[in-house]
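For ligands, and for the atoms within them, numbers begin at 1 and follow the listed sequence. Positions are given from 1 along the sequence.
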Amino acid sequence: ASNYQFIIKDVVGEKKNVGMITLNRPKALNALNKGLMSELGQALTEFDADNTVGAIVITGSEKAFAAGADIKEMQGNTYSDCILGNFLADWTKVAQTRKPTIAAVNGYALGGGCELAMMCDIIYAGDKARMGQPEINIGTIPGAGGTQRLTRAIGKSKAMEMCLTGNMITAEEAEKSGLVSKIFPADKLVGEAIKLAEKISAQSPLTVALCKESVNVAYESTLSEGLRFERRYFHATFGTKDQKEGMLAFIEKRAPNFTSE
Ligand code: CO8
């Protein structure tokens, strides 16, 4: 029900409060071309603005989440094209999405595909998932967080090994190293990701926004800056009705009724 060519955008969940984006270039294993990334950015912007949506799931197919940036499209790029065209700039939108994003990764998540998953807030993987940064094999390096977010997620030694060899890791290895939070049978994965998104959507959107922003500060600042930021946001929740209601509901042994005020 939309004019998207490379993705499918939908609203799912029992209460229709989960935004769902399915990458849909099956013949190219969801290689991330300009058109796809611009549609993805557009869909995320729409979900961010949609009050009925509390969290967003991004997935691909069972064979591939995404096999990377589109090699055929970028092969001829010159240095000048990359600089003057600000190549990959529109990718930033994914990490800047304000609502929680969950990547449900089945099959290959390679290069830009792995980077796209890492731009999401939470990664769930199917048991056959393979993640990697194979750019080194084609004469380039990761360009959308593969040397940065991966290193922060799994540490220097493992990230170095993956980026310098292009070797893929399995879902089990990804879970053990903290890159993904849970693994499910491939056919159960998307359902489980939607359940997680529904659980987040049931929380106060106001408090969720403060919480997501605070966790992200841990990624981008020193510990003392991050702790200060967190403390101030924590204090700020006491200015909300949702804090009063949440704690009162606890005391009265009932479910809270959040209003984002
Ligand atoms: N770009 C363009 N087309 C692709 C890509 C890709 N990344 N990956 C697969 N395809 C295409 C193939 O060319 C093939 O098309 P055709 O049928 O027309 O020949 C089709 O998808 C099916 O692929 P295969 O036949 O290769 O399928 P296999 O099951 O044999 O292999 C693999 C699957 C192992 C995933 C293999 O396709 C592969 O190695 N793909 C490339 C993986 C890769 O190197 N990714 C990194 C790309 S570089 C990158 O992401 C840089 C990131 C920079 C920042 C973000 C950029 C936007």
Side-chain angles (χ1 to χ4, degrees), residues 4-7 21-45 58-97 101 103-120 123 125-154 158-171 173-174 179-180 186 189 219:
Y4 289 114
Q5 183 185 350
F6 301 114
I7 64 172
I21 297 171
T22 307
L23 310 180
N24 188 30
R25 285 188 80 199
K27 287 198 188 109
L29 303 184
N30 292 330
L32 305 162
N33 62 1
K34 273 204 188 92
L36 188 153
M37 288 311 294
S38 122
E39 290 186 3
L40 179 58
Q42 173 71 31
L44 289 168
T45 303
I58 302 178
T59 195
S61 68
E62 285 213 7
K63 167 136 199 209
F65 178 73
D70 191 318
I71 300 169
K72 292 166 188 167
E73 186 180 71
M74 74 182 152
Q75 190 272 336
N77 279 7
T78 63
Y79 176 66
S80 172
D81 293 336
C82 290
I83 295 283
L84 297 180
N86 209 1
F87 184 39
L88 302 188
D90 41 348
W91 283 56
T92 313
K93 173 63 205 163
V94 181
Q96 285 174 346
T97 301
T101 49
V105 173
N106 266 325
Y108 296 111
L110 302 178
C114 187
E115 293 172 313
L116 171 59
M118 291 190 293
M119 284 178 202
C120 295
I123 308 177
D127 52 4
K128 305 275 178 354
R130 292 284 180 281
M131 303 183 75
Q133 297 292 156
E135 288 89 344
I136 196 90
N137 295 327
I138 54 169
T140 185
I141 70 169
T147 68
Q148 304 299 303
R149 290 196 180 92
L150 186 63
T151 307
R152 285 169 195 233
I154 68 176
K158 284 175 192 283
M160 274 290 185
E161 193 176 334
M162 285 175 70
C163 291
L164 295 178
T165 63
N167 288 349
M168 300 179 207
I169 60 172
T170 61
E173 290 170 300
L179 182 58
V180 312
L189 171 71
Y219 242 49

In sequence, state the C-alpha distance, the side-chain angles, and the governing distance for Phe65 and Met131, and then conclude on side chain to side chain contact (heavy atoms under 4.5 Å, CB included). CA-CA 10 Å; Phe65 178 73; Met131 303 183 75; over 6 Å; no

Would you say [atom] makes contact with the protein, given that contact here means a non-hydrogen protein atom less than 4.0 Å away?
atom: atom 55 (C) of ligand 1; value: yes
atom: atom 7 (N) of ligand 1; value: yes
atom: atom 26 (O) of ligand 1; value: no
atom: atom 39 (O) of ligand 1; value: no
atom: atom 35 (C) of ligand 1; value: yes

Between [X] and ligand 1, which part of the residue brings a heavy atom under 4.0 Å of the ligand: side chain, backbone, both or neither?
X: Lys63; result: side chain
X: Asn137; result: neither
X: Ala69; result: both
X: Thr140; result: neither
X: Met74; result: side chain

When you measure from atom 42 (C) of ligand 1 to each heavy atom in Gly68, Ala67, Ala64, which option holds the nearest one? Ala67

Please state which option from Lys72, Lys34, Lys27 has its nearest heavy atom closest to atom 16 (P) of ligand 1. Lys72

Check whether any side-chain heavy atom of Met162 lies under 4.5 Å from a side-chain heavy atom of Ile154, and answer yes or no. yes

For ligand 1, which atoms sit closer than 4.0 Å to a heavy atom of [X]?
X: Leu110; answer: 35 (C), 42 (C)
X: Ile138; answer: 47 (C), 48 (S)
X: Gly143; answer: 53 (C), 54 (C)
X: Glu115; answer: 52 (C), 53 (C), 54 (C), 55 (C)
X: Gly111; answer: 46 (C), 50 (O)
X: Trp91; answer: 55 (C), 56 (C), 57 (C)
X: Gly112; answer: 49 (C), 50 (O), 52 (C), 55 (C)
X: Ala144; answer: 54 (C), 55 (C)

Which residue and heavy atom of the protein sit nearest [atom], plus the separation:
atom: atom 3 (N) of ligand 1; result: Ala31 CB, 4.0 Å
atom: atom 10 (N) of ligand 1; result: Ala28 O, 3.7 Å
atom: atom 1 (N) of ligand 1; result: Ile71 N, 2.9 Å
atom: atom 52 (C) of ligand 1; result: Glu135 OE2, 3.2 Å

Report, as yes or no, whether the 6.0 Å neighbourhood of atom [atom1] on [X] holds more than 12 heavy atoms from other residues, nucleotides or ligands.
X: Lys158; atom1: NZ; value: no
X: Gln148; atom1: CD; value: no
X: Ile138; atom1: CD1; value: yes

Smallest heavy-atom separation, Gly112 atom then Glu135 atom, equals N-OE2, 3.9 Å

Verdict with reasoning, Ile58 to Leu40, per side chain to side chain contact (heavy atoms under 4.5 Å, CB included): CA-CA 9 Å; Ile58 302 178; Leu40 179 58; 4.2 Å; yes

Can you tell me how far [atom2] of [Y] sits from [atom1] of [X], rounded to the nearest 0.5 angstrom?
X: Glu62; Y: Lys128; atom1: CD; atom2: NZ; value: 8.5 Å
X: Arg149; Y: Met118; atom1: CZ; atom2: CE; value: 7.5 Å
X: Leu110; Y: Asn30; atom1: CG; atom2: CG; value: 11.5 Å

Checking the side chain of [X] only, and the main-chain atoms of [Y] only, is there a donor and an acceptor separated by less than 3.5 Å?
X: Gln133; Y: Pro142; value: no
X: Glu115; Y: Gly143; value: yes
X: Asp70; Y: Glu73; value: yes

Contact between Leu29 and ligand 1, counting heavy atoms under 4.0 Å? yes

Any donor-acceptor pair under 3.5 Å linking the side-chain atoms of Gln42 with those of Thr45? no

